**Q** 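What follows is a single structure, and I will ask about it in a moment.
For ligands, and for the atoms within them, numbers begin at 1 and follow the listed sequence. By convention here, the first residue in the shown sequence is residue 1. Please read all numbers here as calculations on a predicted model, not as lab measurements.
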Amino acid sequence: MRSTLRYKPQMRVLLLTLVFLGGCGSSGPDPGATAGGERPSRSATPVPAPTPAPDDPPAVPAGEHQAFALAIHGGAGAPSRTLDLARRRAYVRSLAGVLREGCDALGRGGSSLDVVERIVRTLEDDPQFNAGRGAVFTREGRHELDASIMDGRELRAGAVAGVTTVRNPIALARAVMERTPHVLLAGDGAEAFAREVGMQPVPNEWFSTEARRESLRRAIDAEPEHGTVGAVALDRDGNLAAATSTGGLTAKRWGRIGDSPIVGAGTYADNRTCAVSGTGTGEEFIRHAVAHSVSARMQLAGETVQQAAEAVVHGTLREGDGGVIAVSNRGDIAIVFNTDGMFRGACDAGGRFEVRIWEDAEELPE
Ligand code: ASP
């Protein structure tokens, strides 16, 4: 019997939210977009699949890379299709704002690591999303936050779990990566480390919003809350990075840790293959090492990022578990989910720029 925390199965109802907001370097509708789903990834065309051996250098040598690509998500729950226009617009505006900023930064030669951290940080401060401010409540009516970040150059990674007073868990995750010999700090140790690196604590109530409190009231039998945030990017130097941050699942038990701070489950980046951020039922993502599986399929089976993401999301995971965003070291973007919807956006050096919520989409009116 599946847990009541699982996402609802996908329903094929034609609806909503495809927004083209002008591109990075070009504007206007994306001619490659399809009405029935994601724009076909360039990886769907016969691009030779990367099959590097573990010690191979990155497929594209640093410094010779002109492509850049970015994908973001704001959770793969089951946002109600009755979501009113004002809220849809607000979500889309937020996602488009961080996407544009990130895309511009990558276009100027910014690093993928800086871009993914910056995007996730901004979304953590945005109360619409289940990360940082706006995080869901635990069963006890508190907030326990998880985050991780990974640098695809040398597989460096940092993560924090169960933090309760750290305003931007993704920034702390990066500090773990850069300023400690460790990968994952949890609970009190993570809090102490935050003080050590000069992060001022915020009261736990700082993360609370009325909407999430209402969700807790309905929580035990209700749909899970959506809104975990993530970003994956390829920069002009050919470096990949991934970042994910969440409040977890509504009404989670004390001490529960999901996939988001688990490297290989909710987050992974390896310059030889791809960068991945996941969202969904964390327990399933941990069991199946979802983010690493996408990378491993590319590396060991020679699949494209689209093939690998589809195999994991539609083959390994079960309907309703969630989805992933991934970008390959060639700049191909894969966005695959098995839920009703996923807040998401993508842009690249070729002028793609789009934000969507549900699978089937129509342009959101101004
Ligand atoms: N994956 C997150 C967790 O299980 C929740 C989500 O993505 O919505 O903690």
**Q** Mind telling me whether Tyr91 and Phe343 have parallel, tilted or perpendicular rings, with 30° and 60° as the class edges?
**A**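 Rings of Phe343 and Tyr91: tilted, as their planes differ by 30° to 60°.
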**Q** Pick out which of Asp151, Asn168, Asp114 makes a side-chain hydrogen bond (donor to acceptor under 3.5 Å, both in side chains) with Arg174.
**A**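 So, applying the side-chain hydrogen bond (donor to acceptor under 3.5 Å, both in side chains) to Arg174 and each of Asp151, Asn168, Asp114, only Asp114 qualifies.
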**Q** Is there a polar contact between ligand 1 and Gly248, counting only N or O atoms under 3.5 Å apart?
**A**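 Between Gly248 and ligand 1 (N or O atoms, distance only) the closest approach is not under 3.5 Å.
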**Q** Under a 4.0 Å threshold between the charged nitrogen and the carboxylate oxygen, would Arg142 count as salt-bridged to Glu144?
**A**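 Here Glu144 does not pair with Arg142 in a salt bridge, since their nearest N and O are not under 4.0 Å apart.
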**Q** Between Gly282 and ligand 1, is there a nitrogen or oxygen pair with a distance under 3.5 Å?
**A**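 So ligand 1 has an N or O lying under 3.5 Å from an N or O of Gly282.
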**Q** Look at atom CD of Glu154 and say whether more than 12 heavy atoms of other residues, nucleotides or ligands are closer to it than 6.0 Å.
**A**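 12 or below, so no.
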**Q** Within a distance under 4.0 Å of any heavy atom of Thr279, pick out the atoms of ligand 1 and give their elements.
**A**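 With Thr279 as reference, the close atoms of ligand 1 come out as 6 (C), 7 (O), 8 (O).
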**Q** Distance from Phe137 atom CZ to Arg212 atom CZ, nearest 0.5 Å?
**A**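 Output value for this atom pair is 9.5 Å.
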**Q** So if I count the atoms of ligand 1 from 1 in the order they appear, which ones are less than 4.0 Å from some heavy atom of Thr228?
**A**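 Those atoms are 2 (C), 5 (C), 6 (C), 7 (O), 8 (O).
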**Q** Test your reading of the structure: does Asp146 have an N or O sitting under 3.5 Å from an N or O of ligand 1?
**A**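 No, no N or O pair falls under 3.5 Å.
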**Q** With a 4.0 Å cut-off on heavy atoms, does Gly280 reach ligand 1?
**A**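 A heavy atom of Gly280 does come that close to ligand 1.
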**Q** Determine whether any heavy atom of Lys252 lies closer than 4.0 Å to an atom of ligand 1.
**A**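 The answer is no, since Lys252 has no heavy atom less than 4.0 Å from ligand 1.
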**Q** Ligand 1 versus Arg256, non-hydrogen atoms closer than 4.0 Å: side chain, backbone, both, neither?
**A**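 Answer for Arg256: side chain.
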**Q** To the nearest 0.5 Å, tell me how far Ser295 OG sits from Asp270 CG.
**A**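 One finds 4.5 Å between OG of Ser295 and CG of Asp270.
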**Q** Looking only at the side chains, is there a donor atom on one of Arg153 and Ser112 sitting less than 3.5 Å from an acceptor on the other?
**A**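 Arg153 vs Ser112: no donor-acceptor pair found between side chains.
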**Q** Could an N or O of ligand 1 be found under 3.5 Å from any N or O of Asn130, whether backbone or side chain?
**A**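 Looking only at distances, the answer is no, because the N/O contact criterion of under 3.5 Å is not met.
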